[in-house]
Structure formats: C-alpha cells, structure tokens
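Reading through the structure tokens given below for one structure.
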There are 2 protein chains.
Amino acid sequence: MLISARDPVAEAAVALFGDPLRARIVALLATEQMCTCHLIEETGARQPTVSHHLRVLREAGLVDTEPKGRFTYYRLRAEAVAELADALGGLADRAERAGGHYRPC
Amino acid sequence: MLISARDPVAEAAVALFGDPLRARIVALLATEQMCTCHLIEETGARQPTVSHHLRVLREAGLVDTEPKGRFTYYRLRAEAVAELADALGGLADRAERAGGHYRPC
DNA sequence: CGCGGATATCAGCATGGGTTGATGTCACCA
DNA sequence: TGGTGACATCAACCCATGCTGATATCCGCG
C-alpha cells in the first residue's frame with residue numbers, strides 16, 4: 001500500500017474525520033439514517049454547513065442519499081467504512097512486521 | 001461511540017492521514033523503522049516540514065522515537081493503528097445495523 | 001397555480017495548518 | 001576545544017477549507 005495524496009484510504013479517513021462537525025455527522029449516521037433537517041437539529045450547525053459536509057461524504061462515496069419528497073435521507077455506507085477498517089488493519093500488520101529493521105544512516 | 005472534536009479515533013485518523021506528506025511518512029514507517037534523514041530523503045520534503053509532521057505523529061502517540069547518537073529513528077506504533085482499525089470496524093458494524101431506521105421529519 | 005418548506009449551491013471571509021528559511025541545541029569527531 | 005552534522009523548534013507567510021448569509025431549485029399542499 002503506497003499512500004499518496006490520491007490514496008483512497010487517506011481520502012476516506014479525511015472525509016470521515018477531517019473536521020469535527022463532519023465526524024459528529026458520521027457518528028449520528030452510524031446510529032440511524034437521518035435527513036438533513038435532523039442533522040441540522042442535532043448538531044446545531046447552519047444548514048449550508050451541514051449540506052457542505054454531506055456533500056464531502058457523498059463525493060467520497062461514504063454515504064448514500066435517498067430523496068423522500070422534500071426530504072433527503074442519508075445512510076452511512078457500512079461497506080465503505082469496513083473497507084477502511086480492513087486497510088488500517090493491514091497497515092497495523094505491516095507496521096508490526098516492520099519492527100526491528102534499521103536502515104543505516 | 002460519540003465522536004467529537006476530542007475523540008481519539010478522529011484525532012488518530014487525522015494525525016495519520018490529515019496531510020498527504022504525513023500519510024506518505026506513515027506508509028514509509030509501515031515498511032521499516034526510519035530516521036528523520038531517511039524520511040527527508042525518501043519524501044524530498046524539507047527537514048523542518050518532516051520534523052513537524054513527525055511531531056504531530058509523536059504527540060498523537062502514533063510513533064515511538066529511538067535516539068541513536070545524532071540520529072532519531074521512528075517506529076510506527078502498530079498497536080495504535082490496530083486500535084483505530086478496531087474502532088472503525090465497530091463503526092462499520094453500527095452503521096450496518098442502523099440501516100432501515102427512519103426517523104420521521 | 002402560488003406559496004411555503006427543504007436543501008443544494010454560490011460567493012465572500014476568516015482561520016488553521018502546512019511550508020519555508022533561520023536559529024538553537026545536542027552529538028560526534030579530529 | 002572547535003567545527004560539523006542531525007534535527008527540533010521558531011516565526012512568518014500562504015492557501016485550502018470551514019462557516020456565513022444569500023440565492024436557486026425542487027417538492028408538497030391548499
């Protein structure tokens with residue numbers, strides 16, 4: 001795994017947690033599917049701010065949207081989060097095996 | 001898990017991946033322990049920049065340091081990465097179980 | 001059809017964090 | 001002891017991103 005600016009793991013991690021409000025939204029969506037109006041209510045943030053963060057999550061492929069009339073419900077994509085968890089598990093494994101190797105200076 | 005600005009999961013994720021260069025450093029440290037001079041060489045970044053990012057990782061408890069004379073080696077803490085992976089696995093589980101719950105508007 | 005509600009987007013502004021060059025401190029060597 | 005190398009830190013600068021108020025668009029209802 002060569003992590004670069006375009007690495008999906010880094011991008012997903014930053015999309016999920018790169019901002020405190022967005023991390024809060026993620027936590028809320030992990031409890032139930034919610035529409036924008038609920039997220040605005042729960043977080044106390046302004047509507048455009050909430051919409052902006054939902055857009056970041058949407059474009060990162062971390063949420064699905066389901067329009068219901070005037071309301072838009074968001075679902076956290078468990079499969080995408082699980083992929084990230086797996087990738088991090090792999091990183092931990094590699095780090096474990098990397099111990100003891102000392103490159104000379 | 002109530003993710004907030006102080007949440008260790010969010011903080012670890014951001015410390016690991018919040019900047020492309022830092023993510024790159026993390027990937028390098030997952031292959032072997034390296035000293036600052038190696039990381040400067042491998043990444044092509046300036047020394048203060050590399051030091052700054054190492055500091056972020058250090059203060060987040062994600063790397064251990066081992067001074068060897070004038071050289072400082074860094075080790076990615078596999079256990080810390082594994083904890084993050086576990087937490088994300090839990091988040092994915094919860095998101096999976098959250099499907100189907102629709103709060104009325 | 002007109003109005004109100006939900007929300008996605010736009011444009012402008014402020015701030016935090018990354019990068020840079022300079023500096024300070026410690027370790028090593030002749 | 002003095003000089004050099006490694007690197008942690010400092011201070012200044014810049015830019016990407018989050019936040020705000022305004023606007024546009026779509027949907028539902030009387």
Side-chain angles (χ1 to χ4, degrees), chain A residues 3-7 10-26 28-29 33-60 62-75 102-105, chain B residues 3-7 10-26 28-29 33-60 62-75 102-105:
Chain A
I3 298 188
S4 71
R6 294 290 174 84
D7 179 58
E11 290 190 343
V14 170
L16 286 172
F17 304 113
D19 174 72
L21 176 58
R22 199 148 75 237
R24 174 93 179 100
I25 289 170
V26 166
L28 287 171
L29 292 180
Q33 297 186 47
M34 294 171 98
C35 89
T36 315
C37 66
H38 300 139
L39 293 168
I40 291 163
E41 230 179 80
E42 293 285 340
T43 60
R46 303 292 167 81
Q47 179 266 319
T49 304
V50 171
S51 276
H52 163 77
H53 286 300
L54 289 172
R55 179 185 183 163
V56 172
L57 292 169
R58 202 168 59 233
E59 297 187 342
L62 293 163
V63 291
D64 287 330
T65 58
E66 186 175 353
K68 282 175 177 291
R70 288 186 293 191
F71 306 100
T72 308
Y73 276 80
Y74 285 80
R75 174 184 82 90
Y102 283 99
R103 179 194 293 197
C105 295
Chain B
I3 298 187
S4 71
R6 294 291 173 83
D7 180 58
E11 290 191 342
V14 169
L16 285 172
F17 304 113
D19 174 72
L21 176 58
R22 199 150 73 239
R24 173 92 179 103
I25 289 170
V26 166
L28 287 170
L29 292 179
Q33 296 186 46
M34 293 171 99
C35 90
T36 314
C37 67
H38 299 139
L39 293 168
I40 291 165
E41 230 179 80
E42 292 284 340
T43 61
R46 302 293 166 83
Q47 179 266 320
T49 306
V50 171
S51 274
H52 163 78
H53 286 301
L54 289 172
R55 179 185 183 165
V56 173
L57 292 169
R58 200 169 59 233
E59 294 186 343
L62 292 163
V63 289
D64 286 332
T65 59
E66 187 175 354
K68 284 176 179 285
R70 287 188 293 194
F71 307 99
T72 308
Y73 276 81
Y74 285 80
R75 175 184 83 89
Y102 283 99
R103 180 196 291 198
C105 296

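Residue numbers start from 1 in every chain, and the chains themselves are labelled A, B, ... in the order their sequence lines are given, proteins ahead of strands. Because the structure is predicted, anything quoted here is derived from the model rather than measured.
Nucleic acid contact for Tyr73(A): none, since no nucleic acid atom lies under 4.0 Å from a heavy atom of the residue. Backbone-only engagement by Thr36(B) is indicated by non-hydrogen atom pairs under 4.0 Å involving sugar-phosphate atoms exclusively.
The 5' end of DNA chain C is approached more closely, in terms of each residue's nearest nucleotide, by Arg58(A) than by the other of Arg58(A) and Val56(B). Map Phe71(A) and His52(A) each onto its nearest nucleotide of DNA chain C; the residue landing nearer the 5' end is Phe71(A). Both Cys105(A) and Gly69(A) sit near DNA chain D, but only Cys105(A) has its closest nucleotide nearer the 5' end.
Note: Thr36(A) OG1 to Ile25(A) CD1 = 9.5 Å, rounded to the nearest 0.5 Å. Arg22(A) CZ to Leu29(A) CG: the interatomic distance, rounded to the nearest 0.5 Å, is 12.5 Å. Between the CZ atom in Arg70(B) and the SG atom in Cys35(B) there is a gap of 11.5 Å [rounded to 0.5 Å].
Nucleotides of DNA chain D lying under 4.0 Å from heavy atoms of chain A occupy a range whose first and last members, 5' to 3', are dG18(D) to dG28(D).
Per the geometry, CG belonging to Leu21(A) stands 18 Å off P belonging to dT15(C), to the nearest Å. Atom-to-atom, CZ of Phe17(B) to C1' of dG18(C) comes out at 18 Å; the value is rounded to the nearest Å. The separation between Gln47(A) atom CD and dG4(C) atom P is 18 Å, rounded to whole Å. Arg70(A) places its CZ atom 6 Å from the P atom of dA6(C), with the value rounded to the nearest Å. Here dA6(C) presents its C1' atom at 16 Å from CD of Glu66(A), a figure rounded to the nearest Å. If you take CG of Asp19(B) and P of dG16(C), they are 17 Å apart, rounded to a whole angstrom. Counting to the nearest Å, the C1' atom of dC13(C) and the CZ atom of Arg46(A) are 15 Å from each other. Atom pair Leu57(B):CG and dG17(C):C1' shows a separation of 14 Å (rounding to whole Å applied).
When each of Glu59(B), His52(B), His53(B) is paired with Arg55(B), the side chain to side chain donor-acceptor pair (under 3.5 Å) condition holds for Glu59(B) and for no other. Checking each of Gln33(A), Arg58(A), Glu66(A) against Tyr74(A) for a side chain to side chain donor-acceptor pair (under 3.5 Å) leaves exactly one that passes, namely Arg58(A).
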Under the criterion side chain to side chain contact (heavy atoms under 4.5 Å, CB included), I'd like the reasoning laid out for Leu57(B) against Leu16(B): C-alpha separation, chi angles, the key distance, then a yes or no.
CA-CA 7 Å; Leu57(B) 292 169; Leu16(B) 285 172; 4.3 Å; yes
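Here the side chains of Thr43(B) and Leu28(B) are in contact, with some heavy-atom distance below 4.5 Å.
Checking the phosphate oxygens (OP1, OP2) of dA6(C), no side-chain nitrogen or oxygen of Thr72(A) falls inside 4.0 Å.
The side chain of Pro48(B) sits closest to dG21(C) out of dG21(C), dT7(C), dG18(C).
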